[in-house]
Amino acid sequence: NRHGSLATWVRGVHLHQSLSGAYVKARTGLLPAGLPEDYGERFGVSYQHILQIDQHRPWTDPAILPVLEERWVSEQKRPYIEIEHFSFYYPERTEKVLDDLTLTVEQGEFLVLCGPSGCGKSTLLRQLKTVLAPHGRRLGSIRFEGRPLEELDQREQSAGIGFVQQDPENQIVTDKVWHELAFGLESLGYDTPTIRRRVAEMASFFGIQTWFYKNVTELSGGQKQLLNLASIMAMQPSVLILDEPTSQLDPIAAADFLATLGKINRELGTTVVLTEHRLEDAFPLASRVAVMDRGRLLCTGSPAEVGAILRGAGHSMFLAMPTPMRIWASAPDAGGHCPVTVREGRDWLTGFADGHPLGELPAESRHVYPDEPAITAEGLWFKYEKELPDVVKGLSLTVRRGEFLALLGGNGTGKTTSLKLLSGLQKPYRGEVKLVGRVGVLPQNPQALFVKKSVREDLIEILKGRAFSRKAQEERIA
């Protein structure tokens with residue numbers, strides 16, 4: 001965690017989480033005279049097993065406080081990750097994917113890395129862990145805790161740098177939840193008591209107790225991604241890197257997952273580097289934001305500073321900023337601090353309204369659709385196996401031509417199954433679906449549709465079996 005560097009000064013200590021002086025007092029019955037109540041929170045005192053800071057001074061000596069504070073402040077100023085003039089080329093390509101990028105990540109920071117799709121965010125994050133880095137030509141340097149990244153062996157990187165990928169399925173390697181939590185620790189060679197303690201701690205911290213003994217196949221997408229996160233945090237990494245971890249989660253699961261990241265950063269002090277498109281939820285958690293565009297670093301700063309910079313530059317990325325920012329930017333003569341959260345937005349809007357008359361909201365436009373239905377479902381019932389409970393129960397629905405229908409719900413409520421029934425990918429055991437015309441289906445995981453090596457070959461594959469001549473296929477692809 002953020003006090004990891006303190007472990008080199010404290011002997012016989014296993015640092016797990018920051019504890020306040022009051023908590024240490026409650027656990028040990030002892031709070032050294034003269035030490036402030038936030039002693040543990042400020043300097044990483046974690047268990048009653050701390051005996052001394054060095055060979056000559058016991059940790060209960062108040063005289064150690066200024067010495068420890070001076071050391072700790074100097075450590076806090078040292079970046080955890082330093083990226084200097086880094087460029088990257090994919091094999092046999094002349095254009096740079098990352099172009100002369102310089103960025104530092106401080107200890108204990110929550111850094112949100114954002115930018116349009118294809119700007120190089122994922123490529124940059126994968127450079128921070130050599131086993132995941134794509135093949136290609138690199139220029140510049142990356143340092144982790146003051147050391148060149150390539151000098152760290154796989155064990156050091158596995159223990160010190162946690163990485164959560166986009167697809168929850170990609171990182172799960174065992175069949176049981178409890179075994180998945182223990183797998184990383186087993187691979188690092190920890191003893192059984194340590195593994196059991198850390199697994200228990202993570203299960204409690206992430207609220208996994210109720211599904212601790214479940215099969216991984218029974219979990220929802222949100223639960224699988226939470227399990228991936230808990231499995232990594234069991235190894236207590238110094239830095240947690242997440243590459244769009246909510247891209248395949250529904251809004252409720254995504255909000256819960258991001259809130260958990262905030263809890264990890266806030267309560268465990270773990271440095272977090274996150275790429276995310278759900279900036280409405282991510283920005284309030286961030287201590288700093290970095291914006292990328294076309295492989296370059298566009299700007300960095302606090303969320304409010306970045307919002308003001310993007311607004312002033314008229315950059316299209318500002319359209320992805322949280323709603324309070326966009327309302328602030330759209331108001332005439334908007335001044336003052338750029339709001340990030342809804343609360344800050346309400347406070348700013350209240351002050352703005354004192355000097356500007358507010359008008360009525362314009363009437364919402366209503367679309368008129370023809371009566372001809374495109375999809376009609378009547379009394380659909382479905383279960384995946386005979387002995388399992390029903391997933392869809394009596395679904396009746398009519399979708400008219402030209403209509404845009406949003407199907408909402410939490411994890412495991414049957415949204416995906418319902419779409420499979422409506423598109424004909426699954427058959428209900430009771431009820432009927434009527435379709436007018438052709439149906440196209442785009443699944444959650446885009447990789448499920450790719451069967452060839454190039455975009456052109458994939459487009460040709462889609463048109464196979466259709467009544468198109470070769471010339472017509474070429475025209476459609478063009």
Practice task
May I ask you to decide if Val392's main-chain N or O and Asp390's side chain share a donor-acceptor pair within less than 3.5 Å?
Solution key: no
Practice task
Determine yes or no for a side-chain-to-main-chain donor-acceptor pair under 3.5 angstrom, with Lys176 supplying the side chain and Val216 the backbone.
Solution key: no
Practice task
Would you mind telling me which of Leu111, Thr271, Val272 makes a side chain to side chain contact (heavy atoms under 4.5 Å, CB included) with Val239?
Solution key: Thr271
Exercise for the section: Please determine, by modelled atom types, if Thr104 and Tyr80 share a side-chain donor-acceptor pair under 3.5 angstrom. Expected result: no
Practice task
Decide yes or no for Thr300 and Leu103: does some side-chain heavy atom of the first lie under 4.5 Å from some side-chain heavy atom of the second?
Solution key: yes
Problem - pair Trp348-Ile327: side-chain heavy atoms closer than 4.5 Å - result: yes
Problem - Sidechain N-carboxylate O distance under 4.0 Å for Arg197, Glu201 - result: yes
Problem - Side-chain donor or acceptor of Gln171 paired with backbone N/O of Gln165 under 3.5 Å - result: yes
Practice task
Would you check if Ile208 and Met202 make a side-chain contact, meaning some heavy-atom pair closer than 4.5 Å?
Solution key: no
Practice task
Assess Lys263 against Phe205: is NZ or CZ under 6.0 Å from the centre of the six-membered ring, and within 45 degrees of the ring's axis?
Solution key: yes
Practice task
Would you indicate whether the side-chain heavy atoms of Arg346 and Thr341 approach each other to under 4.5 Å?
Solution key: no
Practice task
Decide, yes or no, whether a salt bridge links Asp99 with Arg296 under the criterion of side-chain N to carboxylate O below 4.0 Å.
Solution key: yes
Exercise for the section: Check whether any side-chain N or O of Lys121 sits under 3.5 Å from a backbone N or O of Gly115 as a donor-acceptor pair, and report yes or no. Expected result: yes
Completion exercise
Residue set satisfying side chain to side chain donor-acceptor pair (under 3.5 Å) with Thr323, at least two apart, ordered chain then number -> Glu280, Arg326
Handout entry: Tyr429 and Lys383, any side-chain heavy atoms less than 4.5 Å apart
Key = yes
Problem - Donor-acceptor pair, side chain of Gln225 and main chain of Gly222, under 3.5 angstrom - result: no
Handout entry: Glu92 atom CD: more than 12 heavy-atom contacts under 6.0 Å
Key = no
Problem - Beyond-backbone contact of Met321 with Arg311, side-chain heavy atoms, under 4.5 angstrom - result: no
Exercise for the section: For atom OH of Tyr384, decide whether the heavy atoms of other residues, nucleotides or ligands shown that lie under 6.0 angstrom number more than 12. Expected result: yes
Problem - Beyond-backbone contact of Ile81 with Glu106, side-chain heavy atoms, under 4.5 angstrom - result: no
Exercise for the section: With sequence neighbours left out, write down each residue that passes side chain to side chain donor-acceptor pair (under 3.5 Å) with Tyr90, or none if nothing qualifies. Expected result: Thr123
Practice task
Measure from the side-chain N and O atoms of Arg278 to the backbone N and O of Thr246, and report whether any donor-acceptor pair falls under 3.5 Å.
Solution key: yes
Problem - From OG1 (Thr174) to CD (Glu186), nearest 0.5 Å - result: 8.5 Å
Practice task
Answer yes when Glu474 and Arg456 have at least one side-chain N-carboxylate O distance shorter than 4.0 Å, and no when they do not.
Solution key: yes
Exercise for the section: Would you name the heavy atoms of Ile142 and Glu150 that are closest together and state the gap between them? Expected result: O-OE1, 4.4 Å
Handout entry: Sequence neighbours excluded - side-chain hydrogen bond (donor to acceptor under 3.5 Å, both in side chains) pairs with any residue from residues 391-408
Key = Glu372-Arg401
Exercise for the section: With the side chain counted from C-beta on, respond yes when Val112 and Thr275 share a heavy-atom pair under 4.5 Å apart, and no when they do not. Expected result: no
Practice task
Indicate whether the side chain of Asp347 and that of Thr350 have a donor and an acceptor atom separated by less than 3.5 Å.
Solution key: no
